[in-house]
Amino acid sequence: MLHLDLDAFFAAVEQRDKPSLRGRPVVVGGTGGRGVVATASYEARAYGARSAMSTAEARRRCPPGTAFLGGRFGAYRRTSEVVMGLLRELSPLVEQVSIDEAYVDLAAGERSDPSVDGVTALARDLKARIAEATGGVTGSVGIGSSKLMAKIASDLDKPDGLVVVAPGTELDVLHPLPVTRLGGVGPATAERLRQVGVGTVAQLAAKSLPDLVALAGRAHGGGLYQLARAEDDRPVVAEREAKSVSQEETFERDLTDLAQLNRLVDAMAARVGGRLRASALSGRTVTVKLRRYDFTTMTRSQTLPQPTDDARQVASIARRLLAEAGTGGGLRLLGVGVSGLSQYAQGDLFSGEDAAEEVEDAADESPAVPEPPADRRWWPGQDVVHDELGAGWVWGRGLGRVTVRFEGPLTPPGPVRTLAADDPALHPGDPPDWRPTTMGA
Amino acid sequence: MEFRVTREVLADAVAWTARSLPPRPSVPVLAGILLEVDGSQLSVSGFDYEVSARAEVDVQAAESGRVLVPGRLLAEITRALPPHPVDIRAEGPRLSITCGNARFSLPTLPVEDYPSLPAMPSSAGVVDSDVFAEAVGQVAVAAGRDDTLPMLTGVRLEIEDDRVTLAATDRYRLAVREFAWRPETPGISAAVLVPARTLADAARTLTSGPEITVSLSSGGSGEGILGLSGKDRQTTTRLLDAEFVKYRAIMPSESSASATLPVVQFTDAAKRVALVAERGTPLRCEFTPGQVTLRAGGSDDEGQAEERCDVEFDGDPLTIGFNPTFLLDGLAAVHTGRARMDFTSPLKPAVLSGVEEPAADDADGGRPAERPGSYRYLIMPVRLPG
């Protein structure tokens, strides 16, 4: 079992695409007044910046010159896809946990030399190929006999680590660790364990099953008991059966206009409805996902009495959920999904076919995004292109001006220019390609 | 205030009024029941700004007066009293209840803070209480329970001269019932939306007299109320301020196939087969000439069931899926021995209606008798996989 965790992933992609930031503290997250840190580069971590810390706190801790950037999710996703592709070459059984984390069941792959030396060589090769294919993003790899051990191992030697836990040595690795390293031991459980004198996994392993059940409940207590003994037989699940059908979109800048967001909801609901009908599915739970300007991400959902595949119904529920969640301050990402899928669809007396067509027509013409005021168009970290100066990224904005550093992943650190925010030659750009030769479309 | 009353009479009146008390009152006084004695009459009232209820009872009164007491407690006490005459007396800030050897003393609530009940609007007409209770019950079953769409939680009540039409829908089924009544003024025309649960509750419990008087005030901007008065009891409810769907437009005007089925046998079969239909999964009805085969379940990790039932079927064989609850609700509401189902296609609404049997002593043979009112229950089918 192999676990890969990309190191400070968002920040690493920023440092790759922005040569002037390499070796310097970088914080990616909400840059507004109440923003939250999504990722801090290892340089920024040295000053105490951490994920989920408020950006204001990170600004206090980090020295002047630290780059505070909004996220470029398109760029992260493209890089992540490259990495996941490399993992699938190792084995068909790859379980992607998040954009920067995945498990691989090596035993299901073809090249299975299960010796410690064999898997170490494989992991070293994998890391080299990831670094090459991503333009220098590193990952920490852990290999062990179970998901638990692989994850623990990848965490032991960050960043750019490689740890193989040999079969039979699991408990030697596990027992000295603090209990908080076990999945599922959060602050609340850790505090309860601390009160009964349990700080390390070894101390946890000394507790009886009834004690742990009394402490943490039946399911959780039983799970702790097993984890402390390195008993973990969870399989790697590659392609989960479709549990939901959803659609989401990240915006270049925060959207605040409710009417415009509602049009986007309608368009996404129409696409979700179309995909549901195409696969003869319907679902009972409608979910809206939103990421605010400050990077906080939330979902709101409502479960219907009957499953539906009606775009109009999905849209009207999603609109209401969005209104209830509030769009204050602006949204950076919006998603609409339907889950609780079944093969049956309870028909709706009031969804005539004409109505369904209306929504689908609306979906074709993507809602027009009105032009915002000049200096609101730009946000820190954004990719831009200048007709004369070339490609670059936004360093800062304000007072009707925008500061851009003109450089890319394949250039040396580039010059900084301050331009008028409404400079007609300056346009939002696509994420740059970090690969030396353009590899097709 | 001081009076004596029979235990049964008091318990009934208090229990009826207490039903409409709000479970979580916004103001403490709304949890109270108002007892008012005037002459030899006691009135027992409750009100939560949405619904008011008032029952009147004959008593032997020694002294008139008004007292507000905690409603649920009063209802529990009166229900539990022994079978003896009940003496009730206001004693300063408390109310004493004596019955046989039992004696209670209850704190009272500030009666001066209690809102006055809305005045009963002027009468619009009169309907037989049994007809009204049946009609409301048949229709309210199709109303929705999801408060996010107020329109679907109501029963539409339309008055056109001497005909009343009730309709309700939760968007999956639609029930419509017409009946005759006696309007106060000929040619009256009105349409309002009444909260379904309140209406169903009132209609069911106002059957002690032969008639119910229906009163309406539509103050224009959502201030309208509906009043229902039966023997010794009257209730008002605020109307819903929402448009109702244009339901007549979705009533199918023609059908391509129809089945006539024995309600009891078909219901029993459907209930049995539905036992394996997990939440949300449909009951599959395969109609062929002479019979219907009901199926549910099917995938490997579910139970499966199948049952045949003899029916008359006219049309091309048809397989259609229904949510079992929706189908059974409709079958339970037709109130006839045989029911008719009309179909247009497996994806279009099916219409369930009652079949009137010719009376046994009807000499001119065979033709269904004219029904005093008509009932139709539309069910939107479940699209089956494959």
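Quick note on labels: first sequence line is chain A, next is B, and so on, each numbered from 1. Everything numeric in this text was worked out from a predicted model, so none of it was measured.
- Interface residues of residues 244-253 of chain B toward chain A, defined by a heavy-atom distance below 4.5 Å and sorted by number: Val245(B), Ile250(B).
- Within 6.0 Å of the CZ atom in Arg197(B), the count of heavy atoms belonging to other residues, nucleotides or ligands does not exceed 12.
- Heavy atoms closer than 4.5 Å to chain A are found in the backbone of Arg173(B), but not in its side chain.
- In this structure, CG in Asp348(A) is found 4.0 Å from CZ in Arg171(B), a value given to the nearest 0.5 Å.
- Going from atom OH of Tyr344(A) over to atom CG of Asn323(B) covers 12.5 Å, rounded to the nearest 0.5 Å.
- Within a 6.0 Å sphere centred on CD of Glu243(B), other residues, nucleotides and ligands contribute 12 heavy atoms or fewer.
- If you measure heavy-atom distances from Phe322(B) to chain A, you find no contacts under 4.5 Å at all.
- In terms of heavy atoms, Tyr172(B) sits closest to Gly347(A) at CD2-O, 3.4 Å.
- Under a 3.5 Å cut-off, the side chain of Gln346(A) and the backbone N or O of Met380(B) do form a donor-acceptor pair.
- By the 6.0 Å contact criterion, CG on Asp314(B) is open, its count of non-hydrogen atoms from other residues, nucleotides or ligands being 12 or less.
- Atom CD of Gln343(A) is separated from atom OG1 of Thr281(B) by 11.5 Å, given to the nearest 0.5 angstrom.
- Around atom CZ of Arg308(B), no more than 12 heavy atoms belonging to other residues, nucleotides or ligands sit under 6.0 Å away.
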